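Ligands are counted one by one from 1 in listed order, and the atoms in each one are counted from 1 as well. Every value quoted in this text rests on a predicted model; they were computed, and no experiment measured them.
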Amino acid sequence: MAATVLEEISALLNQVVRQSTLHTGYPFNLNYDYTPLCNFWQYSVINLGDPFSESNYKVDSKKLEQEVLFFFAKLYKIEASNFWGYVTSGGTEGNLYGIFLGRECYPEGLLYSSQDAHYSIAKAAKLLRIPSVVIRSQNNGELDYEHFAEMLQKNRHLPAIVNLNIGTTMKGAIDDLDRALDILEKNHITNYYIHCDAALFGMMLPFVPNAPRIDFTYPIGTVAISGHKFIGSPVPCGVVLTRKNYLKQIENNIEYIAAKDTTILGSRNGQAAILLWYALQTRGYEGFAKEVEFCLQNAQYMFEQLKSINYPCLLNPFSNTVLFQKPSQSLIQKWQLATIDNWAHTIVMQNVTQEKIDAFVDELRSW
Ligand SMILES: *Cc1c(COP(=O)(O)O)cnc(C)c1O
């Protein structure tokens, strides 16, 4: 191999390693070891179409993908016989899929989501050409329920496709599912579809005692969860979970792949299913519960540290997203912070330790 190629690769690797140690702004767990899976990178592990139907392409990981999905089915309280889902390319695909199913169930539906929803929700509405209503948010980032009720009432002749944020991207706020259902009922809207965008918190709340419950014992249609966020993985990925009966709206047998065409992408990342399976096997329910507790405690710690220096900040319940006033540009660059308007946040993931928090708060103080 040409020396310049090796040099480029090694320079990039050094940079990736260095930047990984300082990163605190995005919800990515950077603490993991998938090196036992390295050998798979010599193979084109690709899952074609539906994870539950065998295709003629056999270099796949559908068996492990199914096991990953059943782990989530159990976590989200849906029986295997009523359940369907797949490993996606990330939160955006899961959201697109959820809104798509909602639209297929209610072609005349209006999409409701709050102004704090992830930008992928508005993008899904645009791609699918669904008319949408943006609901105001409260200061903490949560849905403004009065405005939601008002807009529903105004449009009650139309079905409602509702996106709920289970942890908003910027402020870590959780929209209240019980209240949303109550408002739908009070306005006599029986034709509704609820999609839950649980990109980050979807892998946290089920492990927290007393946290709000979001699962399929409620009349929800889909939940989208990221794989590269709380679980962590070297490639972006996620899962989307739904009820099997919705599939009738869209499934289509495709002779060319000899599988059902139920997914948005055709060739899907089979490596991602292996990574997720390995993470679930090696860390397990108890492991994740400990990690969630660690992150929530450290988020509380960071919040207390900021308050102690009178730095403007906010931390929502059951959240690891510490919001604070936007610091100097050099701190934003150094710690790779995400910002909106006058705010920035640190998302306290497994690799954001108290030492890192102390170092950051020290720098904040001296600026
Ligand atoms: C990160 C995030 C997404 C999008 O996930 P990608 O994997 O980047 O596509 C969607 N919704 C919320 C709330 C998120 O935080």
Electrostatic pair Glu54-Lys62, nearest N-O below 4.0 angstrom:
no

Can a salt bridge be assigned to the pair Glu286 and Lys290 using a cut-off of 4.0 Å between side-chain N and carboxylate O?
no

If you take the centroid of each ring, where Trp contributes its six-membered ring, are Phe230 and Phe201 closer together than 6.0 Å?
no

Any side chain to side chain donor-acceptor pair (under 3.5 Å) pairs touching residues 8-18, not counting sequence neighbours?
none

Does ligand 1 have any N/O atom under 3.5 Å from a protein N/O, and what are those pairs and their distances?
from	atom 1	to	atom 2	distance (Å)
ligand 1	7 (O)	Gly91	N	2.9
ligand 1	7 (O)	His228	NE2	3.4
ligand 1	9 (O)	Thr92	N	2.8
ligand 1	9 (O)	Thr92	OG1	2.6
ligand 1	11 (N)	Asp197	OD1	3.1
ligand 1	11 (N)	Asp197	OD2	2.6
ligand 1	15 (O)	Thr169	OG1	3.3
ligand 1	15 (O)	Lys229	NZ	2.9

Side chain to side chain donor-acceptor pair (under 3.5 Å) partners of residues 140-149, not counting sequence neighbours, each pair once:
Asn140-Glu142, Asn140-Asn316, Glu142-Tyr145

Partner residues of Gln153 under the side-chain contact (heavy atoms from CB on, under 4.5 Å) criterion, sequence neighbours left out
Arg156, Asn187

